[in-house]
Participant: 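Below: one structure in structure tokens.
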Amino acid sequence: MTLSVLLVDDSKFVRKGISKELPIIFGDRELIFSEACNGNEALELLYSTSYDIVFLDLTMPEKNGYEVLQELKEKGIKANIIVLTADIQPESERIVRSLGAVGYMEKQRPLNREALMKVLQEINLL
Ligand SMILES: [Mg+2]
């Protein structure tokens, strides 16, 4: 079954990194990628389309990841959102999970494949 993935990050290198890594992890599974480079773009897409997985950056222009989560929560829109951030802190994990994120992982260069697989397993996507 096809998996639709939304990549939300203001860095195109990060978006590219995830879109290269996921096909390796998912093997034969067909993946369809959509991308947004700020929170407003992400919300526009999330209001009109549902995705199987959303990777969400926290630090972005226009609307940041916290604001995206907050707005989705207020509107009652549920999504499998994995927060991918360079700024790992217990407090930010607590906040994003309370705002509805289902996963939280550190952004590394290159992306840590095992950490990514672990998060996907935790939410039963792998
Ligand atoms: Mg960023």
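First listed ligand is number 1; within each ligand, the first listed atom is number 1. Remember, predicted model here, so these are calculated numbers, not experimental data.
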Participant: What is the minimum heavy-atom distance between F33 and P23, and which atoms define it?
Facilitator: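 Scanning both residues, the minimum pair turns out to be CZ-CD, 4.3 Å.
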
Participant: Could you tell me the angle subtended at the Mg ion (ligand 1) by OD1 of D10 and O of T59, rounded to 10°?
Facilitator: 100°

Participant: Rounded to the nearest 0.5 Å, how far does CD of Q121 lie from CG of L125?
Facilitator: 10.5 Å

Participant: Would you say M60 reaches the Mg ion (ligand 1) with an N/O/S atom under 2.8 Å?
Facilitator: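 No.
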
Participant: Which is the closest N/O/S atom of D57 when seen from the Mg ion (ligand 1)?
Facilitator: OD2

Participant: Mind checking the OG-CG spacing from S11 to D57? Nearest 0.5 Å is all I need.
Facilitator: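 Here the interatomic distance stands at 8.0 Å.
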
Participant: Looking only at side chains, do E71 and Y66 share a donor and an acceptor under 3.5 Å apart?
Facilitator: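 Absent: no donor and acceptor within the cut-off.
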
